[in-house]
Structures are given as structure tokens and as C-alpha cells.
Student: 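Could you have a look at this structure, given as C-alpha cells, before my questions?
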Amino acid sequence: MSIIAEVHEWLKSFTSLPAVNLTFVNALPSVGMGYNTMPNNDSKISTFNNFLYKIESYFHPDLIGIACNTLSVLLSQTKFYCNFREKVVEIVETGIQHFVKYQQTVSKRYVVILGTKTTIESNIHREKLIDFGIPSQLIISQSCPLLASAIEFDFMSQQTKRIIKDCVKSAVKNIKRKDSK
């Protein structure tokens, strides 16, 4: 919701744009069951593909923005994406551009990627960062089980903060040069 609110505010700054209708739709398949608790990637892809087709049939959007890394890494594997590629914008590419832009202003800083198991196992962030010239030894990827569910339940909870702290500790253990940023 915070992302859609930011997009709404940003769009208001363009006085020459025609009216834009923004619709937020949560892709969570059911309460208590997210994509990261599904048994395999095929189930995740199938569920997400069905969701995208329903969005298309109900709303007929001009553009669909995917503001979730997990769903973004699954997107290209859906039939929907094959048929409607020009209608979808995902968050991975935007995140990579921000990483690269920041990394170019500093030297020898580590990039630490915290994500769901699905996101980290896809290796998409790592591969794209390497394609942009970020040395692989400066990229630390850390899976954070249960974090997505904790954030969905209460992003400010003590449980969420503890999971983040534990994931950061695990990631930092993989940093070779302890004097690095």
C-alpha cells in the first residue's frame, strides 16, 4: 500500500497527465498462505499466472506494476507475461538500477541482498548486478525465511525486527573484509 501511495503522490506532480486510476490488488492467494509457503515453483507460477489473467479480465489495465521481488522473479515464467509483456513493469529491474547507481558512487562496498527463498534462489539480482560490472565477491545474497509473512502480518512488530536482525547477522558473516562498508 505504501508503494501505491507514493506512486499516487508522484503522479500528482505531473500536471500534463490525464487522470490516472490506480488500483491496488494484493496477490496473496489466501490468508495465511503466501507464495513462499507453496510447495514448489510450478505452484507459485501457476497461481501467479491465474492472478494476472484475473486482473486483466476484471480491470483491463493499461499497465500492471509488480511491487514484490518474489512475484517479479516468477513473472517471466508465466504465460501471461509471454502474452502481455508490454503491460507489465516489475520491481527487480528498478532495484538493480538503484543498486548500480549507488555502487558507482562508492568503491568496494558490499551489496547485501535480503530476500525470500524464491527471490534469492532465482539469483536474478546477483546475475544482473554482475552484468553491470559489480564484482561477484562484493554481492552477498541472504535468504530470510518467514520475513515476508512477518511483514505482511505486522511490518513493525518485534518478530519482524528480530527476523531482519538475524538475517543481517547471517549475511554479515559472509563478508570477507570486515573493514568494508
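This one's a predicted model, so the numbers in the text were calculated from it and none came from an experiment.
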Student: So how far is it from Leu138 CG to Leu129 CG, rounded to the nearest 0.5 Å?
Tutor: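 Taking CG in Leu138 and CG in Leu129, the distance rounds to 10.5 Å.
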
Student: Report the residues that fulfil side chain to side chain donor-acceptor pair (under 3.5 Å) with Glu127, sequence neighbours left out, ordered by chain and then residue number.
Tutor: none

Student: Specify the closest pair of heavy atoms between Val92 and Glu90, including all atoms of both residues, with the distance to one decimal.
Tutor: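 What the structure gives for the nearest pair is N-OE1, 2.5 Å.
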
Student: Between Lys87 and His60, which heavy-atom pair has the shortest distance, and what is it?
Tutor: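 So the two residues come closest at NZ-C, 4.5 Å.
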
Student: Given side chains that start at C-beta, do those of Val88 and Phe80 come closer than 4.5 Å, heavy atoms only?
Tutor: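 Val88 vs Phe80: side chains touch.
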
Student: For Asn21, I'd like to know if atom CG has over 12 heavy atoms of other residues, nucleotides or ligands within 6.0 Å.
Tutor: no

Student: Please say whether more than 12 non-hydrogen atoms of neighbouring residues, nucleotides or ligands are located less than 6.0 Å from CZ in Phe24.
Tutor: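 Yes - once you tally the heavy atoms of other residues, nucleotides and ligands closer than 6.0 Å, there are more than 12.
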
Student: So, Arg126 side chain and Ser141 main chain: donor-acceptor pair closer than 3.5 Å or not?
Tutor: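 No.
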
Student: With no hydrogens and no angle check, is any side-chain donor or acceptor of Thr118 less than 3.5 Å from a backbone partner on Thr70?
Tutor: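 Side chain of Thr118 to backbone of Thr70: no pair is present.
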
Student: Under a 4.5 Å side-chain heavy-atom rule over Ile, Leu, Val, Met, Phe, Trp and Tyr, are Leu22 and Trp10 clustered together?
Tutor: yes

Student: Heavy-atom distance under 4.5 Å between the side chains of Lys128 and Glu93, does that happen here?
Tutor: yes

Student: Asn40 side chain to Ser43 main-chain N or O, any donor-acceptor pair under 3.5 Å?
Tutor: yes

Student: Please name the pair of heavy atoms, one in Ala150 and one in Ile163, separated by the smallest distance, quoted to 0.1 Å.
Tutor: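 Looks like CB-CD1, 3.8 Å.
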
Student: Side chains of Asn50 and Thr47: is there a donor and an acceptor less than 3.5 Å apart?
Tutor: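 Looking only at side-chain atoms, Thr47 and Asn50 do not form any donor-acceptor pair under 3.5 Å.
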
Student: Starting from Val89, can I reach Ile96 by hopping between I/L/V/M/F/W/Y residues whose side chains sit under 4.5 Å apart?
Tutor: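 Hydrophobic grouping puts Ile96 apart from Val89.
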
Student: With a 3.5 Å distance limit and no angle check, can you tell me whether Ser157 reaches the backbone of Asp154 through a side-chain donor-acceptor pair?
Tutor: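 Side chain of Ser157 to backbone of Asp154: a pair is present.
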
Student: Where does the angle between the aromatic ring planes of Phe48 and Phe51 fall among parallel (under 30°), tilted (30 to 60°) and perpendicular (over 60°)?
Tutor: parallel

Student: Heavy atoms only: give me the nearest Gln77-Ile45 pair and the separation to one decimal.
Tutor: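 Gln77 and Ile45 have their closest heavy atoms at OE1-CD1, 3.1 Å.
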
Student: Indicate if Val20 and Val7 have the same hydrophobic cluster label, given that clusters are the connected sets of ILVMFWY residues with side-chain heavy-atom separations under 4.5 angstrom.
Tutor: yes

Student: Could you grab the distance from atom NZ of Lys54 to atom CZ of Phe59, nearest 0.5 Å is fine?
Tutor: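 Separation between the atoms: 12.0 Å.
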
Student: List the residues meeting side chain to side chain donor-acceptor pair (under 3.5 Å) with Glu9, not counting sequence neighbours, and say none if there are none.
Tutor: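 Applying side chain to side chain donor-acceptor pair (under 3.5 Å) to Glu9 gives Lys12.
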
Student: Does the side chain of Ile151 come within less than 4.5 Å of Leu147's, by heavy atoms?
Tutor: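 Leu147 vs Ile151: side chains touch.
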
Student: Will you find, in the side chains of Thr119 and Thr116, an N or O donor that is under 3.5 Å from an N or O acceptor?
Tutor: yes

Student: Tell me every residue that passes side chain to side chain donor-acceptor pair (under 3.5 Å) with Ser170, counting only those two or more places apart in sequence or in another chain.
Tutor: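 Checked Ser170 against side chain to side chain donor-acceptor pair (under 3.5 Å); zero matches.
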
Student: Report the distance from atom CZ of Phe84 to atom SG of Cys82, rounding to the nearest 0.5 Å.
Tutor: 11.5 Å

Student: Are Val168 and Met156 in one and the same hydrophobic cluster, where Ile, Leu, Val, Met, Phe, Trp and Tyr link if side-chain heavy atoms are under 4.5 Å apart?
Tutor: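 Same cluster: Val168 reaches Met156 through Ile, Leu, Val, Met, Phe, Trp or Tyr contacts under 4.5 Å.
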
Student: Working to the nearest 0.5 Å, report the span between CD1 of Ile130 and CD of Gln137.
Tutor: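 So the gap between those two atoms works out to 9.0 Å.
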
Student: Find out whether Ile113 and Ile140 are in side-chain contact, i.e. whether some heavy atom of one side chain is under 4.5 Å from a heavy atom of the other.
Tutor: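 A side-chain contact under 4.5 Å is absent here.
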
Student: What distance separates Thr37 OG1 from Lys117 NZ, expressed to the nearest 0.5 Å?
Tutor: 12.0 Å

Student: Kindly indicate whether the side chain of Pro61, heavy atoms from C-beta on, has any atom under 4.5 Å from the side chain of Ile55.
Tutor: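 In short, these two side chains touch, coming nearer than 4.5 Å.
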
Student: So, do Tyr58 and Tyr53 sit near enough that their side-chain heavy atoms are less than 4.5 Å apart?
Tutor: no

Student: Taking all non-hydrogen atoms of both residues into account, name the closest pair between Cys167 and Leu114 and its distance.
Tutor: O-CD2, 4.2 Å

Student: State, with a plain yes or no, whether a side-chain heavy atom of Leu71 is found less than 4.5 Å away from one of Tyr35.
Tutor: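 The answer is yes, as the side chains (C-beta and beyond) meet within the 4.5 Å cut-off.
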
Student: State the CG-OG distance between Asn41 and Ser46, to the nearest 0.5 angstrom.
Tutor: 12.0 Å

Student: So do the side chains of Asn69 and Ile91 get within less than 4.5 Å of each other, counting heavy atoms only?
Tutor: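 Of all side-chain heavy-atom pairs linking Ile91 with Asn69, at least one is under 4.5 Å.
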
